Amino acid sequence: MCGIFGYIGTSKRAGSMILEGLKMLEYRGYDSWGVAIKKDDGSLYIEKHIGKIGTASLPSFPAHIGIGHTRWATHGGVTNENAHPHTDCTKKIAIVHNGIVENFEDLKSDLKKKGHTFKSETDSEVIAHLIEELNKSESDLVKVMQKLRSHITGLNAVIAFFPEDESFYIIKNGSPIVAGKGEKEYFIASDASAIIPHTKQVYFLEDNEMIELSKDGIRLFNKKAIVQKVAFTTLEYTAKSAEKGTFAHFMLKEISEQPTILRNIIDSQKTEIKKAADKIKNAYGTYLIGCGTASYACLAGTYLFSKIALRHINFAIGSEFSYLHDFLKENSLVFALSQSGETIDIISSVKKAKEKKAQLLSLTNSQGSSLYRMSDHNLLLHAGPEKAVASTKAYTAKISFLYLIAHQLAGTFEKGRFNLLKAVDEISQIIQNKTSIKSLAAKMKDHKSIFILGRGVSYAAALESALKIKEVSYIHAEGFAAGELKHGVIALIEKGTPVILFNPEDETYEDTLSAAHEVRARGAHVIGVSSKNDKVYDTFIEVANCGNATIIPNVVIAQLLGYFLALEKGLDPDKPRNLAKSVTVK
Ligand code: AGP
């Protein structure tokens with residue numbers, strides 16, 4: 001889940017370009033950062049720091065080649081020594097790594113026996129020393145990197161930098177990596193958002209491919225180390241769309257972009273929605289899979305398909321699907337949802353599904369991502385880069401696609417379109433008048449627990465809402481099916497405990513209202529989110545009834561509540577502790 005970046009070219013500003021690249025990748029991990037840059041005077045400059053980059057800058061020496069890394073710690077604590085880049089004993093090789101070298105302990109003890117000295121506790125440093133060791137008996141660096149690949153196990157992406165030769169060797173197995181081609185310069189990064197400020201010409205490496213970059217240009221090798229043509233593709237989004245603009249945080253920017261994004265889906269994606277509906281219609285069972293926020297979108301999908309299209313669609317958490325996919329058949333359809341398209345639990349699950357020859361349909365926000373390239377059929381969210389770790393616009397965009405596909409299956413697309421437009425107007429209202437949610441956050445910030453209840457599709461909304469609040473405010477928020485309250489959860493309710501109830505005017509209304517009374521009786525502070533007020537609510541947040549699409553404004557309220565709770569607690573809503581935007585390690 002780290003971010004790795006490399007630059008080679010004619011510019012003398014390699015240092016600042018690498019630092020800017022790392023800032024764009026920092027949402028992948030922000031425990032520490034570091035660079036290794038060959039100065040034009042020939043010396044290798046290494047700088048490493050704990051924590052976020054923030055406003056740090058590098059000394060402005062002329063340089064035209066270097067690498068950088070921003071870390072999400074897996075092996076070894078958050079220390080300067082464990083920060084990347086790591087070098088070999090001779091400092092002739094510097095590496096940055098994203099992934100886990102699963103067999104690092106065995107490799108490390110072998111290398112120690114051969115006299116290598118290690119400076120860190122990381123799995124990654126083994127790579128630098130192993131290259132050094134292999135290079136002793138093999139001078140062809142392509143062969144050395146091939147051997148390296150066969151020695152290390154696990155999912156990895158590595159940039160190996162040889163300052164003397166001024167060359168990079170990049171290998172990939174599982175973890176994402178992209179090459180970018182500019183005017184007499186090349187960029188390497190964990191994802192395209194760090195390259196787009198420089199060029200839209202990118203190449204997404206496939207597993208077991210290798211790239212060599214040097215003064216002579218670029219060479220791509222397939223897994224048999226045979227040179228291939230590099231088929232660069234052109235990215236569709238702009239660098240500007242990946243910037244914060246005037247917003248204080250990416251999270252608020254991305255929440256505010258939702259009305260435009262959902263309107264765009266309604267107006268421009270009918271053809272794609274129809275194709276997806278046809279795939280579901282012709283499949284022998286459809287299985288929605290996703291992780292985290294994507295899993296809650298999948299759960300909501302099962303309710304929407306049942307209620308709207310009278311169709312049973314299965315759902316599994318991405319990291320669990322590997323243990324319950326044995327039933328898949330050739331004409332089964334696995335419908336994978338992932339904003340990044342790189343979540344390893346999804347990638348390994350769909351690999352298993354493909355082994356079963358199941359059809360793969362994906363809904364992702366990342367053109368060219370691993371999931372995008374593995375799928376038989378792709379739906380793109382067109383939500384623009386999502387930089388805040390807490391997913392907001394990608395969630396409502398996913399719900400909008402699932403909602404319209406269900407209506408397409410039911411032959412009621414226009415009714416769906418009407419209700420979804422109503423929901424879009426409602427979220428515009430909520431975003432414009434967010435002060436009431438801001439003041440609610442001020443009242444709730446000191447609570448240790450918050451509970452969110454709902455029935456039916458609102459239960460799925462409650463789970464996603466709790467995740468948003470947990471992720472950015474670190475308050476222990478829990479989402480529950482309101483019907484489960486009396487089966488145990490109610491024991492957690494004390495005087496003043498905040499309980500949010502999603503209570504749209506649908507078949508769940510009366511039963512959810514009973515739950516409101518039950519928690520009120522135990523002293524809870526009851527927050528009712530509904531189109532109809534009731535005296536049982538201590539706080540009422542009015543949301544117009546948009547039919548089954550009401551889940552969307554309901555969750556936007558929780559997104560804003562999470563955002564303001566984070567601010568009230570002086571936390572960074574964009575980079576919550578211990579998290580990263582794209583989970584690429586198991
Ligand atoms: C959501 O806010 C979190 N960042 C996380 O749960 C995320 O949804 C999950 O890691 C899945 O990511 P994906 O959609 O990129 O696969």
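We count ligands from 1, going down the list as the structure has it; atoms in each ligand are counted the same way. It should be emphasised that the depicted structure is a prediction, and the values quoted were computed from it without experimental measurement.
Of the protein's non-hydrogen atoms, T293 N, 4.2 Å is the one closest to atom 5 (C) of ligand 1. The protein heavy atom nearest to atom 11 (C) of ligand 1 is C291 O, 3.2 Å. Taking atom 3 (C) of ligand 1 as the reference point, the nearest protein heavy-atom neighbour is E471 OE2, 3.3 Å. The protein heavy atom nearest to atom 14 (O) of ligand 1 is Q339 N, 2.6 Å. For atom 12 (O) of ligand 1, the closest non-hydrogen atom on the protein side is T343 OG1, 3.4 Å.
A distance-only check finds no donor-acceptor pair linking the side chain of S332 to the backbone of G285 [under 3.5 Å]. Without hydrogens or angle criteria, S349 side chain to G318 main chain gives a donor-acceptor distance under 3.5 Å. Looking only at distances, a side-chain donor or acceptor of W72 sits under 3.5 Å from a matching main-chain atom of N578.
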*Could you give me the CA-CA distance, side-chain angles and deciding distance for H312 and F305, then say whether ring-ring contact (aromatic ring centres under 6.0 Å, His included) is met?*
CA-CA 7 Å; H312 175 60; F305 281 106; over 10 Å; no
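Between the side chains of S193 and D191, at least one donor N or O lies within less than 3.5 Å of an accepting N or O. Side-chain N/O atoms of Q258 and Q559 include a donor and acceptor closer than 3.5 Å.
In terms of polar-atom proximity, defined here as any N/O pair under 3.5 Å, V389 does make such a contact with ligand 1. Residue-to-ligand polar distances place S391 within reach of ligand 1: an N/O pair is separated by less than 3.5 Å.
With ligand atoms numbered from 1 in the order given, ligand 1 contributes 14 (O) to contacts under 4.0 Å with heavy atoms of K398. Contact atoms of ligand 1 toward S340: 13 (P), 15 (O), 16 (O) (distance under 4.0 Å to a heavy atom of the residue). The ligand atoms of ligand 1 that sit less than 4.0 angstrom from a heavy atom of A390 are 2 (O).
Both tests do not hold together for R71 against Y30: distance to the six-membered ring centre under 6.0 Å, angle to the ring axis within 45°.
Partner E272 forms a side-chain hydrogen bond (donor to acceptor under 3.5 Å, both in side chains) with one of K270, K275, Q269, K274 and no other, that one being K275.
Residue contacts with ligand 1: K468 is included, with a non-hydrogen atom under 4.0 Å away. The closest approach between a heavy atom of V583 and any atom of ligand 1 is below 4.0 Å. Not close to ligand 1: S582, with no non-hydrogen atom less than 4.0 angstrom away. Contact between M251 and ligand 1 is absent, with no heavy atom of the residue lying under 4.0 Å from the ligand.
Centroid-to-centroid, the aromatic rings of Y287 and F327 come within less than 6.0 Å.
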